[in-house]
Number of protein chains: 2
Amino acid sequence: MAKRSITAQDVALHAGVSRAVVSRTLSNNGCVAKATRQKVLDAAHELGYQVNMLAQSLNRQRSMLIGVITSGQTDPYRSQLLEDLVRSIQAQNYQALLCDIQTHQDLATTLTKLTQFRVSGVIVTSGHPSAELVSECVKLNIPVVVINRSTQLPQVDEISSDNTQGAQLAINYLKKMGCQRLQFLGINNGTYSAQIRQTAWQRLEPTPPLLAPESSYEGGIAAARVALQGGLNFDGLWCANDLLACGFADCARFEFKLKLAQDFYLVGFDDIPSTHFVSYQLTTLRQNTRQIAALALSRLSERASAMTVEKRIDKVDVKLIIRNS
Amino acid sequence: MAKRSITAQDVALHAGVSRAVVSRTLSNNGCVAKATRQKVLDAAHELGYQVNMLAQSLNRQRSMLIGVITSGQTDPYRSQLLEDLVRSIQAQNYQALLCDIQTHQDLATTLTKLTQFRVSGVIVTSGHPSAELVSECVKLNIPVVVINRSTQLPQVDEISSDNTQGAQLAINYLKKMGCQRLQFLGINNGTYSAQIRQTAWQRLEPTPPLLAPESSYEGGIAAARVALQGGLNFDGLWCANDLLACGFADCARFEFKLKLAQDFYLVGFDDIPSTHFVSYQLTTLRQNTRQIAALALSRLSERASAMTVEKRIDKVDVKLIIRNS
DNA sequence: TTGAAAGCGCTAACAA
DNA sequence: TTGTTAGCGCTTTCAA
């Protein structure tokens with residue numbers, strides 16, 4: 001039943017040349033006479049030839065696949081990042097092998113899975129690859145880049161939003177709004193980004209941070225209940241992310257009858273869609289996910305050609321989006 | 001530099017057998033003596049052998065890859081569906097090849113890309129595959145399933161939420177809340193799902209639907225401005241999706257000072273996170289994305305073993321989530 | 001039960 | 001510039 005598909009051999013026959021010439025022509029590699037080249041191209045087109053990526057990859061010991069590792073957590077920011085990553089990958093003619101991991105163990109098995117496909121690179125947006133895993137990749141010449149997380153590993157490039165700059169922008173904004181007592185809302189045992197933002201904050205402001213029990217809308221509500229119980233003792237708040245900010249804002253407004261941009265100012269992080277809903281209009285910091293994605297691909301290809309180049313750490317600018325909080 | 005990785009040959013040598021035995025043992029295919037089997041397993045484990053998926057797939061003419069086609073549109077519902085799809089795929093030991101398409105043309109090139117990787121199946125969540133594309137897949141024995149869309153093609157299985165049931169649930173709810181003049185908010189030139197919901201609605205209620213200019217929060221606002229301008233002439237509204245519902249609700253509340261669950265009732269669709277925020281608390285219909293995903297994988301594997309089985313159309317139950325609207 | 005050998009479709013070194 | 005040849009690592013008849 002399953003019809004055999006058209007191979008380079010067929011094209012070679014049709015064009016009256018050898019398969020080697022076909023290969024050279026189609027991969028633009030090695031020299032072919034102009035006329036021959038055209039013959040091959042025509043034949044390939046006529047027959048509807050499609051190269052078999054499996055065979056090609058097997059031979060080249062490298063597939064046109066790039067592994068993208070994400071955690072189940074589907075918050076709007078992550079979705080946006082993923083979308084931009086996939087687009088960047090496809091723009092370079094690669095394809096995205098999407099791997100969802102739940103646990104640290106998953107990361108290990110996933111990374112070996114990816115090596116079995118001889119991926120051209122791995123982009124980690126969740127979890128922390130261990131040294132052995134990475135060295136395994138290095139051995140196989142597979143570059144690894146991590147996004148919004150750090151690692152000690154020397155061969156792994158890092159890309160993240162500039163959280164320090166973010167902290168500064170948030171503080172400047174709050175002060176400009178006249179706030180005198182600033183506060184930060186982080187997450188207990190939170191994500192790497194939340195921790196970094198907290199650290200960045202603490203370098204600039206001494207106030208001990210508020211901590212939400214979890215990184216979510218509900219976490220923001222819970223944090224607000226605790227924080228506002230004894231009265232409002234701050235007038236400017238920076239939240240580690242927008243979901244927290246929305247939760248905090250709602251609890252403050254509906255349970256404690258506080259008014260945003262009046263009783264206190266609030267800055268979020270991520271610029272997720274909800275923040276621009278009429279009922280929120282939250283001031284926030286927008287990450288440049290497109291640039292992060294583009295940079296990830298650049299780093300991957302740089303390291304592909306020179307596995308041992310020095311580790312690079314990129315900080316991508318964030319942008320303050322001023323709304324009504 | 002790049003160390004050659006361990007092959008079946010190495011394992012064979014180490015175990016003192018032929019590579020054929022190694023292959024049989026590891027793929028559980030053909031017979032191997034118990035003792036030999038153990039020897040091979042031990043050797044493989046000791047050497048840390050990992051099968052080369054490229055070689056295996058080339059030989060079997062089929063990779064452990066499943067193509068997932070999505071459109072750039074990252075609304076929360078789509079993200080959730082994607083996540084569930086990827087999990088289901090990984091649960092079956094396959095890997096997800098994620099392809100983002102923008103235009104109809106992209107679908108075509110993407111589908112041929114996928115065939116080049118000899119994927120074991122394709123899941124389409126966006127766009128409408130043409131007859132030729134599908135027949136190309138059929139020829140290569142690649143099953144195709146579409147989610148939340150329909151197609152005339154006989155070899156393509158369809159899975160979607162039961163929109164008719166959804167319409168009925170929404171209407172029942174609104175009537176139970178005492179609504180007398182029901183209305184539906186669809187989308188002008190909208191998604192397939194929105195159209196189906198509209199059709200389902202119209203079979204039950206004769207009222208001509210409202211139409212938003214686009215499928216988004218802003219679309220909902222725009223629709224509300226038009227609809228409410230001349231006064232409120234309905235008391236129960238069903239929106240094609242939650243983003244529209246949020247926009248409509250906000251415009252109604254903030255611009256027209258209407259009260260939800262008082263001046264009119266509103267039911268959404270999708271149960272996206274924003275709907276359960278304190279400031280919305282929208283009643284909505286939840287799609288069972290996990291079941292949709294699981295079903296997609298089932299259909300794919302069924303068709304894989306019998307390409308010509310009759311086309312199947314599955315409707316997955318939706319669930320009314322009653323909140324405060 | 002095991003091994004030898006052919007082949008999946010492609011690339012690349014080498015020779016012509 | 002072209003063709004020949006030897007693999008890439010695996011699976012799978014077919015004999016032994």
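Note on naming: letters A, B, ... go to the chains in the order of the sequence lines (proteins, then strands), and numbering restarts at 1 for each one. Worth saying up front: this structure is predicted, and the values here are computed from it rather than measured.
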Peer 1: Across the strands shown, which category fits A:Thr36 at heavy-atom distances under 4.0 angstrom: base, sugar-phosphate, nothing?
Peer 2: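 Since only primed, P, OP1 and OP2 atoms lie under 4.0 Å of A:Thr36, the category is sugar-phosphate.
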Peer 1: Could you tell me which residues satisfy salt bridge (Lys or Arg N to Asp or Glu O under 4.0 Å) with A:Arg312, sequence neighbours excluded, listed by chain and number?
Peer 2: A:Glu302
Peer 1: Residues two or more places apart in sequence or in another chain: which of them pass side-chain contact (heavy atoms from CB on, under 4.5 Å) with A:Ser301?
Peer 2: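 Partners of A:Ser301 by the side-chain contact (heavy atoms from CB on, under 4.5 Å) criterion come out as none, since no residue qualifies.
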Peer 1: Mind listing the side-chain donor-acceptor pairs of residues 52-61 of chain B below 3.5 Å, one per line with the distance, residues two or more places apart or on another chain?
Peer 2:
residue	atom	partner	partner atom	Å
B:Asn52	OD1	B:Leu54	N	2.8
B:Asn52	OD1	B:Ala55	N	3.2
B:Ser57	OG	B:Met53	O	2.5

Peer 1: Where the side chain of B:Val17 is defined as all heavy atoms beyond and including C-beta, which of C:dG3, C:dG9, D:dT1 is the nearest nucleotide?
Peer 2: C:dG3
Peer 1: Is the phosphate of D:dG3 approached by A:Ser18 (side-chain N or O, under 4.0 Å from OP1 or OP2)?
Peer 2: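 Answer is yes, contact under 4.0 Å.
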Peer 1: Using whole Å, report how far CG of A:Leu54 lies from C1' of C:dG7.
Peer 2: 15 Å
Peer 1: Could you state the atom-to-atom distance from NZ of B:Lys39 to P of C:dT1 in whole Å?
Peer 2: 14 Å
Peer 1: Got a sec, which residues hit side-chain contact (heavy atoms from CB on, under 4.5 Å) with A:Thr191, two or more places apart in sequence or on another chain?
Peer 2: A:Ser193, A:Ala194
Peer 1: Under the salt bridge (Lys or Arg N to Asp or Glu O under 4.0 Å) test, which residues partner B:Asp10, sequence neighbours left out?
Peer 2: B:Arg4
Peer 1: How many whole angstroms separate atom CG of A:Leu13 from atom P of D:dG3?
Peer 2: 12 Å
Peer 1: Any side-chain heavy atom of B:Ile123 within less than 4.5 Å of one from B:Val144?
Peer 2: no
Peer 1: Would you say the side chains of A:Ser79 and B:Ser79 form a donor-acceptor pair under 3.5 Å?
Peer 2: yes
Peer 1: Looking only at side-chain N and O atoms, does A:Gln61 come under 4.0 Å of OP1 or OP2 in D:dG7?
Peer 2: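 Answer no for this pair, as no side-chain N or O of A:Gln61 is under 4.0 Å from OP1 or OP2.
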Peer 1: In whole Å, what is the span from the CG atom of A:Leu26 to the P atom of C:dG9?
Peer 2: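 Rounding to the nearest Å, CG of A:Leu26 and P of C:dG9 are 16 Å apart.
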Peer 1: Between atom CD1 in A:Ile6 and atom C1' in C:dC8, what is the gap in whole Å?
Peer 2: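 For the pair A:Ile6 CD1 and C:dC8 C1', the rounded distance is 16 Å.
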Peer 1: Select one nucleotide: of C:dG9, D:dT2, C:dT1, the one nearest the side-chain heavy atoms of B:Leu58.
Peer 2: C:dG9
Peer 1: Can you work out whether B:Gly16 or A:Asn52 has the more 5'-proximal nearest nucleotide on DNA chain C?
Peer 2: B:Gly16
Peer 1: Along nucleotides 11-16 of chain C, 5' to 3', which nucleotides get a B, which get an S, and which get a -, given that the test is a protein heavy-atom distance under 4.0 Å?
Peer 2: BBB---
